[in-house]
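The shown structure was predicted, so the numbers you read here are calculated from the model rather than taken from an experiment. So you know, we letter chains A, B, ... as the sequences are listed, proteins then strands, and number each from 1.
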Amino acid sequence: VKLIAKGVLSRQRNSLEAGRSAGLEIAASLQRPPKLVLTYLTVNHDQVQFLAGLREAVGPAAPIVGCSGQGVMGRGAVYEDGYAASLMALAGDGLEVAVARADDVHVDTRAKGAALAQKLRAAHTRPPKICLAHYDPLCGVDLDVLLSGMGPQIEAPIMGGAAAHFFQAAMTTTYQYFGTDVFSHGAVAVSLAGDFSAEMAFSTGCAPVGYQLTVTKVEGNMILEFDGRSALDVWREVTGASGLLDIMASSSVAIGVPVAGVERGHLIRAAFVFDEKRRGMLLGAAVPEGTVVTLYHRTVDHALTGADRAAQELAQRLAGKQLRAVLGFECGGRTRPFLGMDATNEENRALQAKLGPGAEWAGVICWGELFPIGGKPGFHNYTFPLLALAE
Amino acid sequence: VTLSQEVVDSKAKLLLQRERELYELRHLRSRAEEWFTALHAVWPERFDVALDVLARRATDLLVGALSFEYAAAFEYRTETGELVFACSDPVPLPAGFQIERAAAEHFEARGVGRYELAEGTDDAPLEQLAQSLGLAKFFWRWCSSYRNTRFLFVAGSSPRTAQFHLFPNTDRDHFAMFTSHAAALLSNSLLVADVRREQFELAAANRGLDSSLRELEQTQAKLLASTQMVALASREAGMAEVATGILHNVGNVLNSVNVCSEVALQRVNALPVDGVGRVVDLLAEQADVGACDPRDPRGPKALDYLQRLSQRLASERAEIASELGQLMQHLTHVAAIVSRQQAYARTGSVERCALAELMDDALLLASNSHHQRSVEVIRAFAPAPDVAIDRHRVLQILVNLINNALQALNDSDRPDKRLVARIGVAAEQLVQLAIEDNGVGIAPEHAARLFQHGFTTRPDGHGFGLHNSALTAQELGGVLRFESAGRGRGATFILELPVARSGWDSLSNRPRSSQQAGHTTHAQEP
């Protein structure tokens with residue numbers, strides 16, 4: 001068997017037991033040591049305990065990579081509350097796996113991204129077919145820079161998403177997992193090579209409203225001014241928000257950033273931290289001064305029809321292949337706070353039905369999504385990338 | 001229509017503002033819906049759900065559906081802080097946990113709140129509780145219970161996850177609503193449990209009362225039966241006492257009569273009648289030798305008279321002696337009857353009886369009837385088991401039947417008067433005693449009324465005998481019936497009685513030699 005997969009969706013509350021039983025379920029299903037265990041947890045779980053239990057069950061050699069999420073998704077459900085875990089274990093004779101981690105990626109980002117990718121690439125005897133990456137979006141890392149470091153080295157499409165925690169007004173800490181290590185301010189990545197195919201699709205669910213702003217002052221990922229005025233003042237004026245700005249004032253509006261070489265369409269970005277002291281707003285990647293950004297609004301119809309279209313495209317590309325596993329990295333700005341849990345679950349169940357009820361399914365609700373655009377790695381917000389692994 | 005950029009921007013901003021408002025409303029609604037869904041989910045499917053089930057359901061919802069890292073529910077006594085009930089999710093309570101007095105007073109004073117130890121808060125009394133539970137932030141809600149204890153709900157985060165849960169005021173209000181509702185359900189659960197317990201106890205008491213009542217009824221029935229038995233026994237005892245007294249007096253008189261009879265007989269036998277004969281003989285001899293004046297013609301006549309007188313006296317004495325002898329025989333018979341009656345005159349009781357003995361006694365008791373003199377009495381006793389029965393009452397029936405049979409024979413003109421006393425087995429556990437006669441029989445028109453109280457065909461009859469006999473037979477568990485081919489063709493009265501098991505056993509165990517001889521027929525002495 002070239003590729004086999006096992007997805008596990010857990011609601012157990014005792015973290016150690018939850019990790020152990022998930023690992024045992026994987027071991028029982030695969031009947032061989034997994035070559036990779038992708039792990040996504042909600043932050044109510046004691047992350048260390050869960051990974052300890054998982055390690056105990058899957059053995060010392062199985063690479064464990066993952067991150068905390070706003071929620072997790074699996075076969076039949078998306079959970080953004082309480083204790084939840086989603087795991088995808090991969091094995092098979094035709095599968096090559098490499099894993100790597102980088103710490104403090106907000107510092108010397110490009111070099112660390114390059115090193116991360118080099119480490120992955122070096123572990124393969126052939127070019128990987130896909131690279132998955134997760135990182136801490138709250139450490140101030142410029143994802144465009146990180147991806148620019150990784151992209152040339154890995155020679156493979158990069159997908160994945162930012163680590164997260166429950167959706168609330170304040171964003172504080174996210175976790176990345178490498179083996180049984182739980183850490184923040186870092187990035188973890190995994191690359192897959194071998195006799196399988198990796199198909200990708202994504203949707204945004206946003207539409208431009210015809211309002212544009214020019215970025216006139218930036219500092220790293222933070223936009224300090226639009227059109228020569230305080231970014232926060234402009235944002236309050238545009239959104240009508242009063243008082244302290246929080247994620248509510250951000251998640252309702254998307255910022256379209258033009259892509260070099262692409263005439264129509266934008267990279268969809270969102271501000272997720274408002275800095276009252278510096279009067280600026282923090283994004284997941286830097287927007288160069290002078291950039292004219294277009295404001296987008298988000299509609300449920302756009303989100304749902306976009307996801308359906310992405311699934312159709314993916315299904316067409318998978319025609320004639322044996323779908324083994326699907327990984328989803330849905331934006332936390334789409335799910336609970338925007339679609340609501342009922343619509344989120346309906347959306348995911350429809351996608352799962354469309355792509356094949358037999359495939360293993362796992363994923364994470366994240367704060368920033370990675371999906372290649374124009375042949376280059378891209379960082380997005382409010383999107384829903386899907387990765388299908390098939391034979 | 002070409003819109004100016006200013007209009008476009010204005011509309012765009014308006015749209016974005018509406019989007020933002022909508023987003024906030026969606027988010028708030030989403031969280032409110034989660035609380036309402038949980039509120040609905042905690043509602044029990046039945047109102048008799050146990051407190052622990054409801055409490056666990058509430059804490060499960062707080063952790064599972066509402067995302068709290070930890071939740072607990074307590075019931076405790078205000079005075080001591082002692083826990084009556086506690087459950088926590090997902091980790092158990094620390095050993096020895098109890099509500100501190102300071103915390104309890106804090107809860108009582110405020111009702112609901114959010115704990116977060118920080119400057120400017122008055123949460124210090126809860127610090128110990130927070131540390132015990134390992135919580136950095138939590139909502140709490142205090143409610144009084146039906147049984148004068150307190151319910152406390154807690155939902156919060158450890159220091160590890162406190163940063164991920166903001167504990168906003170909207171959540172606190174929803175928490176207060178949810179836990180108030182849960183507390184009401186818990187209190188109701190206690191009420192239901194108490195009602196059910198009291199119902200159970202009441203039902204148990206009712207069952208006890210029912211049982212006592214049944215026992216009382218049984219006792220009453222036994223008492224009634226016992227009273228009836230006592231009354232019957234008393235009456236019988238009284239009657240027996242009277243009968244015994246009478247029989248005793250009769251016996252005494254009989255003794256006197258007997259003695260007098262013997263004396264009379266002795267005196268009759270001692271009468272000097274023979275001396276008269278000898279004097280006559282002497283006078284006759286002297287007459288032959290001329291002792292008498294041959295010239296007086298009255299001499300020979302007197303002598304002749306004296307001779308005949310002497311013979312007559314001797315003859316009369318012999319007849320009187322014979323009559324006295326018969327009188328004494330009859331007195332002896334009467335004494336035997338009185339003696340036997342004295343034996344039966346005591347109060348009735350169930351005892352093991354041999355049927356042949358019973359029948360013989362009945363025949364003996366009836367044997368002084370003048371009707372019996374010209375009647376051939378035949379005993380036809382087949383082997384039969386002993387019966388456990390009131391001997392006296394059976395004897396009453398049999399004597400009555402025998403007397404009736406003798407009466408019917410006496411009323412008949414036929415010369416071959418015959419009474420047959422039969423003993424046999426009617427069926428398993430059923431013996432049969434029959435008195436058969438070939439007397440006047442029973443007219444068909446009388447058959448239906450024969451056992452009725454007061455019905456009689458004899459001028460001197462009372463109509464009690466057969467009625468009482470039939471009733472007695474019923475009381476003994478048997479039946480009395482008759483068969484008759486009609487007027488002038490005799491009748492048979494059959495008494496069927498149940499046999500105690502021991503009776504059958506006695507039959508089967510009895511040595512063959514001691515059983516009654518098969519079918520015996522013999523004549524009764526007149």
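B:R31 touches chain A through its side chain: at least one heavy atom from C-beta onward sits under 4.5 Å away, while N, CA, C and O do not. For B:D60, the parts lying near chain A are the backbone and the side chain together; criterion is any non-hydrogen pair under 4.5 Å. Of the two parts of A:D46, the backbone and the side chain both hold a non-hydrogen atom closer than 4.5 Å to a non-hydrogen atom of chain B. There is no contact between A:Q12 and chain B, counting heavy-atom distances below 4.5 Å. Only the side chain of B:E34 comes within less than 4.5 Å of a heavy atom of chain A; its backbone N, CA, C and O stay farther away. Using a 4.5 Å cut-off between heavy atoms, B:F68 contacts chain A through its backbone alone, with no side-chain atom that close. For A:Y296, the part lying near chain B is the backbone, with the side chain staying farther off; criterion is any non-hydrogen pair under 4.5 Å. Proximity to chain B (any heavy atom under 4.5 Å) is shown, for A:L339, by neither the backbone nor the side chain. Within the 4.5 angstrom heavy-atom criterion, atoms from both the backbone and the side chain of A:R298 approach chain B.
Within 6.0 Å of atom CZ in B:R101, 12 or fewer heavy atoms from other residues, nucleotides or ligands are found, so the atom counts as exposed in its surroundings.
The choice from B:H165, B:Q5, B:K11 that makes the most heavy-atom pairs within less than 4.5 Å of chain A is B:H165. In terms of heavy-atom pairs under 4.5 Å with chain A, the best-connected choice from B:R29, B:E33, B:K13, B:R20 is B:R20. When each of A:V43, A:V209, A:N14, A:T299 is checked for heavy-atom pairs under 4.5 Å with chain B, A:V43 comes out on top. Heavy-atom pairs under 4.5 Å with chain B peak, among A:M341, A:E237, A:E80, at A:E237. Of the listed residues (B:P168, B:S30, B:A12), the one with the most heavy-atom contacts under 4.5 Å to chain A is B:A12. Contact tally against chain B (heavy-atom pairs below 4.5 Å) for A:H45, A:Q212, A:R11, A:R336: the top residue is A:R336. Of the listed residues (A:L295, A:N44, A:T42), the greatest number of heavy-atom pairs within a distance under 4.5 Å of chain B belongs to A:N44. If you tally non-hydrogen atom pairs under 4.5 Å between each of B:L14, B:V8, B:L15, B:V91 and chain A, the highest count goes to B:L15. Between chain B and the residues A:A249, A:S251, A:G210, the most heavy-atom pairs under 4.5 angstrom are made by A:S251.
Relative orientation of the B:W140 and B:F107 rings is tilted, given thresholds of 30° and 60° on the angle between their planes. Taking the six-membered ring where the residue is Trp, B:F138 and B:Y115 present parallel rings, their angle staying beneath 30° rather than reaching 60°.
B:R141 forms no cation-pi arrangement with B:F175, by the criterion of a distance under 6.0 Å to the ring centre and an angle within 45° of the ring axis.
The pair B:D89-B:R56 fails the salt-bridge criterion, with no side-chain N (NZ, NE, NH1 or NH2) lying under 4.0 Å from an Asp/Glu carboxylate O. Of the charged side-chain nitrogens involved, none lies within less than 4.0 Å of a carboxylate oxygen, so that A:R269 and A:E369 do not count as a salt-bridged pair. Taking the charged nitrogens against the carboxylate oxygens, B:R110 and B:D122 do have a contact shorter than 4.0 Å, which makes a salt bridge.
Counting only N and O atoms by type, the side chains of A:S68 and A:Q47 include no donor and acceptor under 3.5 Å apart. With no hydrogens or angles considered, a side-chain donor-acceptor pair links A:E330 and A:N348 at under 3.5 Å. Using modelled atom types and a 3.5 Å distance limit, the side chains of A:Q176 and A:T174 yield a donor-acceptor pair.
B:T149 places no side-chain N or O within 3.5 Å of a backbone atom of B:S145 that could act as its donor or acceptor partner.
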